[in-house]
Asker: 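Mind looking over this structure? Questions follow.
Note that these values count all heavy atoms, side chains included, but never hydrogens, waters or copies made by symmetry. We name chains A, B, ... by the order of the sequence lines, and we start the count at 1 in each one.
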Amino acid sequence: MSGDHLMGSGDVWLPLLVAAAVTYAARGLGVALGGRLDPNGAVFRWVGCVAYALLAGLVARMIVFPVGPLAATGLPVRAGATAAALLVFWITGRSVLWGAVAGVAGLSLLARLIPPVL
Amino acid sequence: MTTAEPSGNARTACLRGAAVRAAIREALGMPGVVLFASYLGFGSLARETGFGLGAGLVSTATGWALPGQMALVELWSIGASLVAIGLAVALTNTRLLPMVVTLLPLLRGSAPDRPVPRWWLYALAHVIAVTTWANAMRRLPELPAQSRPAWFAAYGATLFAVTLAGTAGGFFLAGVVPKPVTLGLVFLNPIYFLMLFAVDLKQRARVLALAFGLVTGPLLHLVAPTYGLLITGVAAGTLAFVLDALWSRRGGA
């Protein structure tokens, strides 16, 4: 394994620094502003909605139009694994752990059974 | 009573020790297992996208909130600009701010003999994320005020170590197991959050944001790959927020 593979390419560090700064800014401002903010106020409810929508959009995009390694699997594989995960999740009384196990196992099996659609 | 008697100090130290042990035990239960599993997914994503082990570990150590880390790696892997990445991560993680605001009063506690130093709060804030916040909000009120910072520090530090181990574990695992299993590990990321959404469907505004985001995310990706995610968050989130507000006004609920 090459060192470059371990550390990743050089262009990751600036985005990492920016991500770290904006993330800590949220936490640090929480301490600094503390009691002067209403955590249940309209601004934070809006922020919560935006964060939720963004994450939901990312999750759906990763399942429907994956750009990275998951692009090697067909949509039926990803849809089937998602269904398996959610099914097991409900059957086990909303166990995130068992749902995750079913999702990983489902995708691994289906990816082996159904050849990639290119 | 407020003067530090030796016996009082000894009692406090004993309480703190018990709190630390309890925190580590609780962290290594279900919260640790689930976080470890989800960071296995992040570690394998870091490998398969070429993000790298070092960068993945630094992301976990400095970000310590999976949604923002996923947005970072995914956007980086499609070559999004620094501005797009910064804005997406900021929008994802600003939700941590109200968590810090609501948890802090419990941590500051009411220990008049030894107030928690300010830098200590800034340090503890770094390990406030969904899992630690939810469990601490439930657990801290049950503890005596003087042992709360110790409990939370131990709880956060334990889970911090667990996520770093998960990141490294996922990275190495992805290189060892057969390709379909590696893909399964990468698939952990979206599937994990899909289930977290399903657990948390009590607030109407969030359900709306979730539904709009799920539909808009893939569609906008086709139109604008690098800024689609940002537009999804702002547009779908704002629509959900406005509709929820209108609904509340009309129904009075």
Side-chain angles (χ1 to χ4, degrees), chain A residues 5-9 12-16 18-20 22-24 26-31 34 37 39 44-65 67-70 72-73 81-82 85-86 89 94 96-97 99-100 103-105 107-108 111-112, chain B residues 34 37 48-49 51-55 58 62-63 67-68 72 76-78 85-86 89-98 100-102 104 121-122 125-126 180-181 183-184 186-188 190-195 199 205-206 209-210 212-214 216-218 221 229 232-233 236-237 240-241:
Chain A
H5 181 55
L6 266 181
M7 292 311 286
S9 49
V12 298
W13 299 104
L14 203 54
L16 253 176
V18 171
V22 297
T23 303
Y24 191 75
R27 292 179 168 125
L29 277 175
V31 181
L37 294 171
F44 286 131
R45 277 185 283 127
W46 174 75
V47 163
C49 284
V50 169
Y52 240 67
L54 201 152
L55 185 59
L58 178 60
V59 162
R61 208 271 283 136
M62 286 178 84
I63 295 174
V64 182
F65 300 120
V67 284
L70 285 174
T73 60
T82 305
L86 290 179
F89 170 72
R94 297 184 171 201
V96 173
L97 195 63
V104 174
L107 193 103
S108 306
R112 193 165 295 187
Chain B
V34 172
E48 295 302 298
T49 53
F51 195 71
L53 177 63
V58 170
T62 59
L72 166 68
W76 171 82
S77 74
I78 59 172
I85 293 175
V89 175
L91 282 177
T92 309
N93 283 345
T94 305
R95 85 208 139 79
L96 298 170
L97 206 164
V100 174
V101 172
T102 48
L104 229 50
L121 294 177
Y122 278 103
H126 185 65
V181 181
L183 292 175
V186 174
F187 197 60
L188 251 174
I191 215 69
Y192 172 68
F193 282 104
L194 212 54
M195 287 184 289
V199 173
R206 288 196 171 174
L210 182 60
F212 296 151
L214 284 174
T216 322
H221 174 70
L229 202 56
T232 295
F241 176 76

Asker: Evaluate the side-chain proximity of L97(B) to L37(A): yes if any heavy-atom separation is below 4.5 Å, no if none is.
Answerer: yes
Asker: Non-hydrogen atoms of chain A under 4.5 Å away: do they reach the side chain of L210(B), the backbone, both or neither?
Answerer: both
Asker: Side chain from CB out, backbone as N, CA, C, O: work out which of these in V22(A) comes under 4.5 Å of a heavy atom of chain B, or both, or neither.
Answerer: side chain
Asker: Can you find a heavy atom in the side chain of I85(B) that is under 4.5 Å from one in the side chain of V18(A)?
Answerer: no
Asker: Compare all side-chain heavy atoms of H221(B) with those of V67(A) and state whether any distance is below 4.5 angstrom.
Answerer: yes
Asker: Picking from R95(B), E48(B), H126(B), which has the most non-hydrogen pairs under 4.5 angstrom with chain A?
Answerer: H126(B)
Asker: Any idea which heavy atoms bring A55(B) and V12(A) closest together, and the distance?
Answerer: CB-CG2, 3.6 Å
Asker: I'd like to check P69(A) versus T49(B) (side-chain heavy atoms, cut-off strictly below 4.5 Å). Are they in contact?
Answerer: yes
Asker: What part of L214(B) lies closer than 4.5 angstrom to a heavy atom of chain A: side chain, backbone, both or neither?
Answerer: both
Asker: Over all heavy atoms of both residues, which pair between G63(B) and R27(A) is shortest? Give the atoms and the distance, please.
Answerer: O-NH1, 2.9 Å
Asker: Quick check for you: among G30(A), A56(A), A60(A), which has the greatest number of heavy-atom pairs under 4.5 Å with chain B?
Answerer: A56(A)
Asker: Out of A236(B), G86(B), A90(B), G213(B), which one racks up the most heavy-atom pairs below 4.5 Å with chain A?
Answerer: G213(B)
Asker: Taking all non-hydrogen atoms of both residues into account, name the closest pair between A53(A) and G233(B) and its distance.
Answerer: CB-O, 3.9 Å
Asker: Any side-chain heavy-atom pair from W13(A) and V58(B) closer than 4.5 angstrom?
Answerer: yes
Asker: Do L194(B) and L86(A) have side-chain heavy atoms sitting under 4.5 Å apart?
Answerer: yes
Asker: Heavy-atom distances under 4.5 Å only: say whether I78(B) touches chain A with side chain, backbone, both or neither.
Answerer: side chain
Asker: Minimum heavy-atom separation for V59(A) and P190(B), please, with both atom names.
Answerer: CG1-O, 3.5 Å
Asker: Within a strict 4.5 Å, meaning less than it, do heavy atoms of the T62(B) and Y24(A) side chains meet?
Answerer: no
Asker: Let me know if F212(B) has heavy atoms under 4.5 Å from chain A in its side chain, its backbone, both or neither.
Answerer: neither
Asker: For S77(B), is it the side chain, the backbone, both, or neither that has a heavy atom closer than 4.5 Å to a heavy atom of chain A?
Answerer: side chain
Asker: For the interface with chain B, which of A81(A), G34(A), P39(A) has the highest count of heavy-atom pairs at distances below 4.5 Å?
Answerer: P39(A)
Asker: Atom CG in L16(A), atom CZ in F51(B): separation rounded to 0.5 Å?
Answerer: 4.0 Å
Asker: Could you tell me which of P67(B), A240(B), A37(B) has the largest number of non-hydrogen atom pairs under 4.5 Å with chain A?
Answerer: P67(B)
Asker: Please report the interatomic distance CE(M62(A)) to CZ(F187(B)), rounded to the nearest 0.5 Å.
Answerer: 9.0 Å
Asker: Which heavy atom of I191(B) sits nearest to which heavy atom of A85(A), and what is that distance?
Answerer: CG1-CB, 3.4 Å
Asker: Side chains of L54(A) and L229(B): does their closest heavy-atom pair fall under 4.5 Å?
Answerer: yes
Asker: Which one of V34(B), T216(B), T232(B), V181(B) has the most heavy-atom pairs closer than 4.5 Å to chain A?
Answerer: V181(B)
Asker: Can you tell me which of L97(A), V64(A), V47(A), L55(A) forms the most heavy-atom pairs within a distance under 4.5 Å of chain B?
Answerer: L55(A)
Asker: I need the minimum non-hydrogen distance between Y52(A) and A209(B), along with the two atoms involved.
Answerer: CB-CB, 4.0 Å
